[in-house]
Amino acid sequence: MPELPEVETIVNALEREMTGENFTKIETFIDVIRYPLTLHKEPELLNSKIVTVRRRARYIIIELANLHAVVIHLGMSGSIRIVPQNEARKKHEHVLFYLSNGQTMRFDCPRRFGFIKTCSLPTAGAQPPFLHDLGVEPLSPKFTGHYFKTQTAKRRGAVKNLLMNNSIVVGVGNIYVAEAMFAAGIRPDRLGSSLTEDECKKLVAEVKKVLRQSIKAGGTTFSDYRQIDGSEGKFVRELKIYGRAGEPCLKCNTEIIKSIIGGRSSFTCHKCQK
DNA sequence: AGAGATACCTGGGAGC
DNA sequence: TGCTCCCAGGTATCTC
């Protein structure tokens, strides 16, 4: 499933392929994915130059010269491909964006957890209005151990849930939370407010590290994520704890235990993580 | 206010 | 082999 590194990989590729082009036609093949699709009825999205493709949290923002924007969220199984216009449409390619260079950008979303919103921007480079309440970017200098300590100190709940809370820090999903918490030696069910400043520092550092490693590897292919050329991400080979319930811990051989925290699968080595 | 639970959806794996 | 069942996930929304 696409987490932040995957979205980053996709955004970089879209920026390279689409900047300077424009949409000549938008076709939808389904009325509702997560929300009703309306963008095929919005002529202001057509024939205006694509100025940038950027990312905020897991949202892909395609900004047009006329200050309209297409905002795409891939949900858990969405992917985007850029292929020639004459290529046959795949079963779950629900939206086709025709580009002025003869290519199509295709939004594929088998489980329909993704969505596409459109909005107008107050100024060039501005954030879409509905993204204003998001927390800091995990790879930005704003995400520090001290910041995380401040946030956890005033809240209740398990550390894992706080790391996945989008109003604190964005784009850290279930896979990378598991990996970062293992690397930092902290149990995911620890009360967030029980973390020392040093533990927060260590955890924040490991979150950044695991995200950077994954970006370098082209993202994690787990079930159906693909890069825009259809190739697989390679980070899945490097997962040390996620999905390894019942298997021995790679550091100490203790059996990895699966539990449910915040309604999501969690993986813990009770010897290495305190 | 904030935290927890739930709905959304379907491919794929497990089990029979 | 083929069927059924259940699980995976991020976000919005509801409830407490």
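Any value given below was found using the heavy atoms of this structure, including those in side chains, with hydrogens, waters and symmetry copies removed. To find a chain, count down the sequence lines: A is the first, B the second, and so on, and within it residues start at 1. The structure displayed is predicted, hence computed values, not measured ones.
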Answer yes or no: side-chain N or O of A/Arg155 and base N or O of B/dA3 forming a donor-acceptor pair under 3.5 Å. no

Rounded to whole Å, please give me the gap between [atom1] in [X] and [atom2] in [N].
X        : N      : atom1 : atom2 : result
A/Ile261 : C/dG10 : CD1   : C1'   : 17 Å
A/Ile72  : C/dG10 : CD1   : C1'   : 16 Å
A/Leu131 : C/dG10 : CG    : P     : 17 Å
A/Met164 : B/dA5  : CE    : C1'   : 15 Å
A/Leu4   : C/dG10 : CG    : P     : 12 Å
A/Arg56  : C/dG10 : CZ    : C1'   : 16 Å
A/Tyr176 : C/dG10 : OH    : C1'   : 15 Å
A/Asn161 : B/dT6  : CG    : C1'   : 15 Å

Sugar-phosphate, base or nothing in reach of [X], heavy atoms under 4.0 Å:
X        : result
A/Arg156 : sugar-phosphate
A/Gly263 : nothing
A/Phe130 : nothing

Using modelled atom types only, decide if a donor and an acceptor are shared between the side chain of A/Glu179 and the backbone of A/Leu239 within a distance under 3.5 Å. no

Could you tell me whether the phosphate oxygens of [N], OP1 or OP2, come under 4.0 Å of any side-chain nitrogen or oxygen in [X]?
X        : N      : value
A/Arg58  : C/dT11 : yes
A/Asn166 : C/dT11 : yes
A/His73  : C/dA12 : no
A/Ser265 : C/dC7  : no
A/Arg112 : B/dT10 : yes
A/Lys258 : C/dC7  : no

Would [X] and [Y] count as having a side-chain donor-acceptor pair, cut-off 3.5 Å?
X        : Y        : result
A/Lys258 : A/Ser266 : no
A/Gln127 : A/His132 : no
A/Asp198 : A/Thr196 : no

Of A/Lys91 and A/Asn165, the one whose closest nucleotide on DNA chain B sits nearer the 5' end is A/Asn165

Taking for each residue the nucleotide of DNA chain B bearing the nearest heavy atom, is the 5' side occupied by A/Arg34 or by A/Lys154? A/Lys154

Classify the angle between the aromatic ring planes of A/Phe115 and A/His73 as parallel (below 30°), tilted (30 to 60°) or perpendicular (above 60°). parallel

